[in-house]
A.B. asks: 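My structure is below; once you've seen it, I'll send some questions.
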Amino acid sequence: MGDKLIHDYLSALAAGLPGSARARAAIVTEIGDGLADAVTDHLDHGHSPDAAHRMAVEEFGDPVVLAAQFTPVVAATQIHRCGLALLRTGPLVGVLWLTTVMLAGPRPVPAMVVLAGIVVALAVLTAVPCAVFAVAVTGRGSRRWTVHPRSAAVAVVVAASGAVLGDLVLLSALATLAPTVFAAHTVTAVVAGFAVVASLIRLILAARNAGQLLHIRTALTSR
Amino acid sequence: MSLPVRAETLKGHLDALLLAVLADGPRHGYGVIEALRAGSGGQFDLPKGTIYPALHRLEQAGLVHGTWSNQTGRQRRVYELTPVGRRRLGAERTAWREFAAAVIAVLEPPTSGPAWATS
């Protein structure tokens, strides 16, 4: 009976936690360890096993409330990681695409490429400050600036959307100009290939994180 | 005998208390809870779960550092103060002394007049 109490408590906690499976598992392991300590403590004080388990669970409080207390912390970790990934991959993706354009850019530059460039520039100008803000307020900067994680979540979603938009526009432009680019030179084709792979990886990562970020945003809104 | 201090009363002071408890050395979550309870003579008997999110928040801010240990055959997370956390604790102690002195000065004004008047 005692073990079932602990198991049910940890299951309820896990169900209420946002974030990745790994982050949730780490929290559940840590709380499980604390509950085991509490049970041992009560057994040492002469309580029966059932009473010790019941008292331990009561002392830790409602698992739904505990999950809600963890939500801003888990959210901040996820937002920070996502923002950092965008800031770290951005320069690499940017350099690869710029090199592709410089090596293979058809002369004169078609209006469609100019338009794509403007859209990408606007996306970058929006995404970078948002990602910097999200990273700054969710990491060590949190001891200087008190910003609600909901604002950081919105910022990182905007940054990720900007990156996705930029990648999609660049991939679409390349698809239109593929015969010119890939026929130009082997080096150009290789650089363009790397740029495509980098953008695709970023799109896949964005898609994988989108679900978690939306869940986090919902969890933060409902608090 | 006075009642245990409620969680809401401690709100705003919990971070400093946790840093103080970790100043003596690394502890795992339950060790922090016990140290807080023992150090306050049983006055700070919070819902034990609330300590863990607070420790995670302090870790996120770089004030404590958490590592997993497996010494007892069980996975447990151990926390210790970082140099930044130690500096923050010093600042919190100073701020608390000044605050407490100001509150005492208002709540318990000297009845025999100021010290300069009696000398």
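Protein chains get the first letters and strands the later ones, always in sequence-line order, with residue 1 at the start of each.
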A.B. asks: Can you say whether A/L35 sits under 4.5 Å from chain B via the side chain, the backbone, both, or neither, judging by heavy atoms?
C.D. replies: neither
A.B. asks: By a 4.5 Å heavy-atom criterion (distance strictly below it), what part of A/D62 contacts chain B: side chain, backbone, both, or neither?
C.D. replies: neither
A.B. asks: Drop me the distance from A/D41's CG to B/Y30's OH, to the nearest 0.5 angstrom.
C.D. replies: 3.5 Å
A.B. asks: From B/K48 NZ over to A/L66 CG, what is the distance, rounded to the nearest 0.5 angstrom?
C.D. replies: 13.5 Å
A.B. asks: Do you know which of B/R74, B/E34, B/Q75 has the most heavy-atom pairs under 4.5 Å to chain A?
C.D. replies: B/R74
A.B. asks: Would you please say whether a donor-acceptor pair under 3.5 Å links the side chains of B/Q60 and A/T77?
C.D. replies: yes
A.B. asks: Under 4.5 Å from any heavy atom of chain B, what part of A/A38 do you find: side chain, backbone, both or neither?
C.D. replies: both
A.B. asks: Where is the tightest heavy-atom contact between B/P53 and A/V73, given as atom of each residue plus distance?
C.D. replies: O-CG2, 3.8 Å
A.B. asks: Measuring from atom CG of A/L13 to atom OH of B/Y52, what distance do you get when rounded to the nearest 0.5 angstrom?
C.D. replies: 11.5 Å
A.B. asks: Please examine the side chains of B/R77 and A/D33, heavy atoms only from C-beta on, and report whether any two atoms are closer than 4.5 Å.
C.D. replies: no
A.B. asks: Go through the steps to decide whether B/H56 and A/E30 satisfy the test side-chain hydrogen bond (donor to acceptor under 3.5 Å, both in side chains), and finish with yes or no.
C.D. replies: CA-CA 11 Å; B/H56 280 236; A/E30 189 177 6; 2.7 Å; yes
A.B. asks: As an exercise, state the distance from NE2 of B/H28 to CG of A/D37, rounded to the nearest 0.5 Å.
C.D. replies: 5.0 Å
A.B. asks: With a 4.5 angstrom heavy-atom cut-off, could you sort out which part of B/E59 is near chain A: side chain, backbone, both or neither?
C.D. replies: neither
A.B. asks: Sort B/R76 into side chain, backbone, both or neither according to what part of it lies under 4.5 angstrom from a heavy atom of chain A.
C.D. replies: both
